[in-house]
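Notes follow once the structure below has been shown.
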There are 4 protein chains.
Amino acid sequence: MSQLPFTEVFKGGKEGRQYIFESAAGVFTKKGYHKTTVEEIAAAIGVSKGTIYYYFKNKEELYLAIIREGIDLFHEQLAKAAQSPASPQDKIRKLIRGHFIFCEKEKDLVFLFLKELGSTDFSREILADMLAKCLQVFRNVLEEGIAKKVFRPVNPEIITSALFGMLTITAFHYLSYSRGIPLEPASLALEDIFFNGICR
Amino acid sequence: MSQLPFTEVFKGGKEGRQYIFESAAGVFTKKGYHKTTVEEIAAAIGVSKGTIYYYFKNKEELYLAIIREGIDLFHEQLAKAAQSPASPQDKIRKLIRGHFIFCEKEKDLVFLFLKELGSTDFSREILADMLAKCLQVFRNVLEEGIAKKVFRPVNPEIITSALFGMLTITAFHYLSYSRGIPLEPASLALEDIFFNGICR
Amino acid sequence: MSQLPFTEVFKGGKEGRQYIFESAAGVFTKKGYHKTTVEEIAAAIGVSKGTIYYYFKNKEELYLAIIREGIDLFHEQLAKAAQSPASPQDKIRKLIRGHFIFCEKEKDLVFLFLKELGSTDFSREILADMLAKCLQVFRNVLEEGIAKKVFRPVNPEIITSALFGMLTITAFHYLSYSRGIPLEPASLALEDIFFNGICR
Amino acid sequence: MSQLPFTEVFKGGKEGRQYIFESAAGVFTKKGYHKTTVEEIAAAIGVSKGTIYYYFKNKEELYLAIIREGIDLFHEQLAKAAQSPASPQDKIRKLIRGHFIFCEKEKDLVFLFLKELGSTDFSREILADMLAKCLQVFRNVLEEGIAKKVFRPVNPEIITSALFGMLTITAFHYLSYSRGIPLEPASLALEDIFFNGICR
DNA sequence: TATGAATGAGGCTTCATTCAT
DNA sequence: CATGAATGAAGCCTCATTCAT
C-alpha cells in the first residue's frame with residue numbers, strides 16, 4: 001500500500017480512521033474522485049468495504065477530509081516559510097521555493113486541488129478555505145513589504161493572486177508533462193520577474 | 001476551427017454555436033462532468049437523448065468537443081489581440097485585457113478548463129492542446145519583445161507560464177466569489193507588475 | 001406472471017407503467033414490501049430492473065401506488081353497495097356482504113392493508129385516506145338510518161368504527177387461517193348482532 | 001409468562017420488564033421492524049450491540065420475544081377482567097374497558113400487533129397465539145352467557161371475532177389520530193350496541 | 001458478562017448507451 | 001433525422017452478525 005509523502009505528517013499509531021484516511025488519499029489522487037470506487041479504496045487498504053463506512057459517513061466525507069488535510073499541510077509549509085525573521089524579499093524567495101517544493105513532493109495532491117478548484121460538486125467552500133488561508137500568507141508578506149516601503153504600493157489582493165498564480169501554473173506546467181520542476185532556475189526566474197519586471 | 005455537428009440545426013452559424021455553448025457547456029459547468037447526465041444536456045439543448053448519440057459517439061466525446069471548441073474560441077481571442085501591428089508591450093496589454101474579457105464572458109468554460117487541468121480522467125491531451133496553443137500566443141509576443149530588446153532575456157517557457165498563471169488565477173480568484181473582474185484596475189496592476197516588478 | 005383479481009379493473013392496453021403496476025402488486029402482496037426485491041419484481045414482470053425505474057421513481061412510489069389503487073377499488077365496491085335505493089338496513093346488509101366479498105377476493109390486498117395500518121413507515125396518510133373514505137360510506141348509511149329513525153341515535157363515529165371492525169377482523173380471522181369466509185352465515189350473524197344485539 | 005433474559009439486569013422484576021417494553025418495543029414501534037436497527041435498540045436500552053446478541057440469537061428472536069411478551073401482558077389483563085365472579089354482561093363490560101385501557105396504555109404495542117397481523121414475514125404463528133389466547137377469553141365469557149341464557153345462541157366463533165374487532169378497530173381509530181380513546185362514552189356505546197343492537 | 005471494531009452479503013438506484021420505429 | 005422506451009452494468013451504502021478481547 002503506497003504512502004503519500006504527506007502522510008508522513010501523521011505520527012503515532014495509525015489507528016482506524018487515521019489509517020484509512022492516509023491510504024485512501026493515495027488511491028484518490030491516483031484515479032480521481034469519481035473513478036475511484038470505495039471497493040478499490042478498501043482493497044488498497046486491505047480492509048472490507050464496510051470498514052470504510054464504519055469510520056466515514058460516506059465516500060464524500062472521506063474525500064473532503066483528505067482535501068482539507070492536504071490544504072492544512074500546504075498552509076503549514078507556507079506559513080513556515082513566511083515566519084522567518086527575514087526581509088520581505090527573502091520571505092518571498094522562501095515562499096516561492098516552498099511552493100515549488102511542496103508541489104513537487106505532493107504532486108498528486110496538487111492535481112487533486114486543481115481539480116477541486118473548478119469543481120462545482122461539493123468542495124467549493126474548501127476552495128474558499130484554501131484561497132483564503134494560503135493566499136493570506138502571501139498577502140501578509142506583500143503588505144509587510146509595502147509597509148516597509150521595499151515594495152511599491154500595489155493592490156495587495158490583485159498582486160497576491162498574481163504571484164500565487166505565477167507559481168501554481170508554472171509548477172503545474174512542468175508537472176503535467178511529468179517533468180520535474182527546475183527548482184533553482186524557475187525560482188530565480190520568477191523572483192526576478194516578480195521583483196523587477198520584464199522590461200529593461 | 002471545428003463546427004459542432006448539429007450547430008447548424010439550431011438557428012445556424014454563429015448563433016447556433018453560441019446556443020450550444022450556452023446550453024451544453026453551461027450544464028456541464030454548473031454540475032461538473034460526472035454529475036451532468038446526458039438527459040440534462042439533451043433537455044438543455046432542446047433535443048432528445050437519442051439525438052445526442054446520433055451526433056456524438058458518447059458523452060465523453062461530446063464533452064471533449066465542447067472543451068475543444070472552447071479552447072478554440074479562447075485561442076481565437078488571444079490570437080486576435082496578438083495580431084495587431086503594435087509594440088510587444090501593447091500586445092501584452094491587449095492579451096491581458098483579452099484574457100480577462102474572455103474569462104468574464106465565458107466564466108462557465110473557464111471553470112470547466114480549470115477542472116480539466118487537474119483531471120486524470122481522459123482530457124489530459126486536451127490540456128496539452130490548451131497550454132500549447134494558447135501559451136504559444138503569449139510566448140510569441142514575449143520572444144518578439146526579447147528579440148526587439150524591449151524585454152530582458154528571460155527564459156521564455158517559464159515566464160510565459162508565469163504570465164499566464166497571473167492572469168488565470170487572478171481571474172479565477174474574482175470569478176469564484178462571483179465578483180466581476182475589475183477589468184481596468186486589474187489589467188493595469190498586472191501590466192505594471194509584469195513590466196516593472198514590485199520593487200522600487 | 002400471476003394476475004391479481006383486482007387488476008381486472010384495468011382495461012385496455014397494459015402499457016408501460018400500468019403493466020408494471022399490476023404485476024408488481026402480485027409480488028408485493030405475496031412477500032410483503034421489505035422481502036420483495038426490485039429484482040424480483042422485474043423478473044416476475046419479465047423486464048429489466050432499469051425499466052422499473054424508468055416508470056417509477058423508486059420502490060416506495062411503486063408500492064404506494066399499488067396501495068392507493070387498492071383502496072380506491074375497495075371504496076368503489078363499498079360505494080356501490082351503499083348507492084342502492086334500499087332501506088338503511090338493506091344497505092348495511094349489502095355493505096357487510098360487499099366487504100366480505102372484497103376481502104375474500106382481494107385477500108392479498110387486505111393483508112397488505114392491515115400491515116400498513118400499523119405501519120409507521122411511510123403510508124400513514126394512506127391509512128387516513130382509507131379510514132376516512134371507506135368509513136365514511138358506512139357512516140353515511142348509519143346517519144341516514146338514524147335520521148330516518150330506523151336506527152337508535154348512537155354516536156356515529158364510534159359505531160361506524162365498531163361495525164367496520166366487526167367486519168374487518170372477522171374477515172381477517174377466517175382468511176388468516178386460510179379458511180374461506182362463510183359468507184352467508186357470517187353475514188347473517190353480524191347483521192343480527194349489529195341490528196339486535198346479543199341479549200335476549 | 002417468559003421473562004426476557006436481561007430483564008433482571010435492569011432494575012429487576014416488573015420494573016425491568018417495563019423498561020424493556022418502553023425501550024425496545026418503543027423503538028420497534030416507532031420505526032417498524034425493518035427500519036429499526038439493532039444499534040438503535042441497543043442504544044435505547046443502554047447496552048452495546050454485542051449484548052443484544054449475547055442474549056438473543058438474532059434480531060428476529062428479540063422482536064418475537066417482545067411481541068410474545070406483549071401478548072402475554074395483554075392476555076393477562078383480559079384474563080383478570082374475565083375472572084371476576086360477575087355476570088357475563090358485567091364481564092363483557094370489564095373486558096371492553098380492559099381492552100381500551102390496555103390499548104391506550106400500550107399504544108406502541110398495539111400498533112406493533114396490528115402490523116404483525118398483516119405480516120407475511122415470520123410472525124404468523126404469533127398471530128395465531130394472539131387470536132387463540134386472547135380471543136378465547138372473550139369466547140369463554142360469550143359461551144358462558146349463552147349457556148346461562150342471558151345471551152342469545154349465536155355462533156361463538158363469529159361473534160367473538162366481531163366483538164374483538166369492534167374494540168380493536170375503534171381503539172385503533174382513535175389512537176391513530178393521536179386522540180385519546182374516550183373511555184367511558186366509547187365503552188358505553190359499544191356495550192350498548194353489542195348487547196342491544198342498533199335497531200329500535 | 002460485555003464490548004465494539006470489523007465484516008460482507010445484498011439491496012437500491014443511477015445512467016450511459018442501444019435500437020426499433 | 002429523430003425519438004424515447006428499455007437495458008444492465010456498476011456503484012454506493014446499510015446493517016445484521018461475528019469474534020477477539
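Protein chains get the first letters and strands the later ones, always in sequence-line order, with residue 1 at the start of each.
- A:Thr36 is linked by a side-chain hydrogen bond (donor to acceptor under 3.5 Å, both in side chains) to nothing, counting only residues two or more places apart in sequence or in another chain.
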Contact letters for nucleotides 9-16 of chain E, in which S counts primed atoms plus P, OP1 and OP2 and B counts the base, heavy atoms under 4.0 Å: -BSBBBSS
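- The shortest side-chain heavy-atom distance between C:Leu62 and C:Val38 does not fall under the 4.5 Å cut-off.
- Aromatic ring pairs are classed by plane angle as parallel below 30°, tilted from 30° to 60° and perpendicular above 60°; the pair C:Tyr33 and C:Phe28 is parallel.
- When side chains are defined from C-beta on, D:Leu73 does not count as touching D:Glu69, because their heavy atoms never get closer than 4.5 Å.
- In this structure, CD1 of C:Ile45 is placed 14 Å from C1' of F:dT7, rounded to the nearest angstrom.
- Rounded to whole Å, atom P of F:dG11 lies 17 Å from atom OH of A:Tyr63.
- Comparing E:dG4, F:dA2, E:dA5 against the side chain of A:Tyr55 picks out E:dA5 as the nearest.
- Counting to the nearest Å, the P atom of F:dC15 and the CG atom of D:Leu62 are 16 Å from each other.
- Applying the side-chain contact (heavy atoms from CB on, under 4.5 Å) rule to A:Thr37 yields the partners A:Glu39, A:Glu40; only residues at least two apart in sequence or on another chain are considered.
- Applying the side-chain contact (heavy atoms from CB on, under 4.5 Å) test to A:Glu61 and every residue at least two apart in sequence or in another chain returns A:Arg17, A:Phe56, A:Lys57, A:Asn58.
- Rounded to an integer number of Å, the gap from A:Phe56 CZ to F:dT14 P is 15 Å.
- Of all the heavy atoms in C:Ile45 and C:Ser23, the pair that sits closest is CG1-CB, 3.4 Å.
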Dot-bracket line, read 5' to 3' along DNA chain E, where crossing pairs take [ ] and | marks a partner on another strand, Watson-Crick or G-U under 3.5 Å: .||||||||||||||||||||
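- Put simply, NZ on A:Lys31 is 13 Å from C1' on F:dG11, counting in whole angstrom units.
- Between A:Lys35 and A:Lys31, the shortest heavy-atom contact is CB-O, 3.3 Å.
- With rounding to whole Å, D:Ile52 atom CD1 is found 14 Å from F:dC15 atom C1'.
- For the OP1/OP2 pair of E:dA2 and a distance below 4.0 Å, the side-chain nitrogens and oxygens of D:Thr51 include no atom meeting the criterion.
- Across all their heavy atoms, D:Leu109 and D:Gly70 have their closest contact at CD1-CA, 3.9 Å.
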